[in-house]
Amino acid sequence: QVQLVESGGGSVQTGGSLKLSCAASGLASSDKCMAWFRQGPGTRREGVAAISGSGETYYTYPVKGRFTLSRGSAKNTVYLQMDSLKPEDTGMFYCAAAPDPGCPVWWTLQGSYTYWGQGTQVTVSS
């Protein structure tokens with residue numbers, strides 16, 4: 001049974017940092033494209049960062065330069081380091097795994113992913 005478990009969310013002020021973790025079981029996350037999605041209040045879930053099986057990373061424009069996605073040494077954990085946080089980063093963050101090691105062209109879309117975690121809340125106050 002595949003499980004993705006997120007942790008590390010919390011409340012910070014503008015400019016603060018958080019590091020999210022996604023622990024995968026039941027699959028080898030190093031063999032999958034792994035991504036982080038954000039769902040803000042009243043908005044749809046959208047990808048913010050992804051990492052391929054080979055370690056290539058992708059970021060959306062609003063987070064590029066502020067967020068860093070990496071794999072842990074244990075290989076079944078991915079991390080999202082979030083720096084210089086802004087109030088618009090507020091939302092529920094979800095970890096997702098795609099079927100293949102390569103990240104799809106439409107990596108920011110929910111339909112590209114097979115497995116999902118339950119999410120971890122990030123709140124950034126001004």
Side-chain angles (χ1 to χ4, degrees):
Q1 182 179 359
V2 175
Q3 274 195 313
L4 302 178
V5 180
E6 303 97 333
S7 61
S11 296
V12 297
Q13 293 190 323
T14 297
S17 297
L18 284 172
K19 186 174 185 178
L20 306 184
S21 300
C22 172
S25 59
L27 60 77
S29 66
S30 57
D31 293 341
K32 308 292 184 188
C33 170
M34 302 292 293
W36 283 94
F37 279 69
R38 185 188 74 87
Q39 186 166 18
T43 67
R44 64 180 180 182
R45 199 177 295 187
E46 294 183 323
V48 297
I51 186 167
S52 70
S54 62
E56 192 168 5
T57 53
Y58 306 86
Y59 301 95
T60 55
Y61 179 77
V63 308
K64 197 167 187 179
R66 300 189 297 121
F67 290 12
T68 305
L69 183 52
S70 61
R71 293 187 183 275
S73 58
K75 300 295 186 183
N76 255 19
T77 304
V78 293
Y79 300 103
L80 184 66
Q81 176 68 45
M82 305 188 296
D83 298 316
S84 302
L85 283 163
K86 305 176 181 180
E88 52 263 42
D89 295 319
T90 292
M92 187 72 79
F93 280 71
Y94 297 90
C95 179
D100 300 314
C103 290
V105 173
W106 306 111
W107 66 267
T108 60
L109 300 183
Q110 294 185 66
S112 296
Y113 298 86
T114 305
Y115 302 105
W116 291 87
Q118 293 300 306
T120 184
Q121 177 68 35
V122 170
T123 303
V124 185
S125 58
S126 57

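Each residue takes its place number in the sequence, starting with 1. Worth saying up front: this structure is predicted, and the values here are computed from it rather than measured.
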Nearest heavy-atom neighbours spanning [X] and [Y]:
X      : Y     : result
Gln81  : Ser17 : NE2-CB, 3.9 Å
Ser126 : Thr14 : CA-OG1, 3.4 Å
Val63  : Val48 : CG2-O, 3.4 Å
Thr114 : Pro99 : OG1-CG, 3.2 Å
Val2   : Gly26 : CG2-O, 3.6 Å
Tyr59  : Leu69 : OH-N, 2.8 Å

May I ask you to test the [X]-[Y] pair for a side-chain heavy-atom distance under 4.5 Å?
X      : Y      : result
Cys33  : Pro104 : yes
Val5   : Gln118 : no
Glu6   : Leu20  : no
Ser112 : Trp107 : no
Ile51  : Arg71  : yes
Gln121 : Thr90  : yes

- [ ] With sequence neighbours excluded, give me every salt bridge (Lys or Arg N to Asp or Glu O under 4.0 Å) pair touching residues 48-67.
- [x]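 Of all non-adjacent pairs touching residues 48-67, those that pass salt bridge (Lys or Arg N to Asp or Glu O under 4.0 Å) are Arg66-Asp89.
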Open item on the list: Filter on salt bridge (Lys or Arg N to Asp or Glu O under 4.0 Å), then keep only pairs touching residues 40-55, sequence neighbours left out; what's left?
Closed with: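 Found Arg44-Glu46.
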Task: Transitive ILVMFWY side-chain link Val78 to Tyr58, under 4.5 Å - done: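 No, Val78 and Tyr58 fall in different hydrophobic clusters.
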Open item on the list: According to a hydrophobic-cluster definition based on side-chain heavy atoms being under 4.5 Å apart (Ile, Leu, Val, Met, Phe, Trp, Tyr only), do Trp36 and Leu109 belong together?
Closed with: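 They do not share one cluster, since no chain of ILVMFWY contacts under 4.5 Å joins Trp36 to Leu109.
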TODO: Answer yes or no: are there more than 12 heavy-atom neighbours, outside Tyr115 itself, under 6.0 Å from its atom OH?
DONE: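 No, OH of Tyr115 has 12 or fewer neighbouring heavy atoms, counting only those of other groups under 6.0 Å.
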- [ ] Decide if atom CD of Glu88 counts as having more than 12 heavy atoms of other residues, nucleotides or ligands within a radius under 6.0 Å.
- [x]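 For Glu88, atom CD is crowded (more than 12 foreign heavy atoms under 6.0 Å).
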TODO: Report the residue from Leu4, Thr120, Thr77, Leu80 that forms a side chain to side chain contact (heavy atoms under 4.5 Å, CB included) with Cys95.
DONE: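 The passing option is Leu4.
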Supply the atom-to-atom distance [X] [atom1] to [Y] [atom2], rounded to the nearest 0.5 angstrom.
X      : Y      : atom1 : atom2 : value
Cys103 : Met34  : SG    : CE    : 10.0 Å
Arg38  : Thr108 : CZ    : OG1   : 13.0 Å
Ser70  : Lys19  : OG    : NZ    : 5.5 Å
Asp83  : Thr68  : CG    : OG1   : 6.5 Å

- [ ] Would you check, one step at a time, whether the test side-chain contact (heavy atoms from CB on, under 4.5 Å) holds for Val122 with Met82?
- [x] CA-CA 10 Å; Val122 170; Met82 305 188 296; 3.8 Å; yes
Task: Any donor-acceptor N/O pair, Asp31 side chain to Asp100 backbone, under 3.5 Å - done: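 Between the backbone of Asp100 and the side chain of Asp31 there is no qualifying donor-acceptor contact (under 3.5 Å).
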- [ ] Please state whether the rings of Tyr94 and Trp116 are parallel, tilted or perpendicular, taking 30° and 60° as the class boundaries.
- [x]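 Perpendicular: the ring planes of Tyr94 and Trp116 meet at over 60°.
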Task: Results of ring pair (Phe, Tyr, Trp, His ring centres under 6.0 Å) for Tyr113 - residues two or more places apart only - done: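 Testing Tyr113 for ring pair (Phe, Tyr, Trp, His ring centres under 6.0 Å), a comparison that skips the adjacent residues, returns Phe37.
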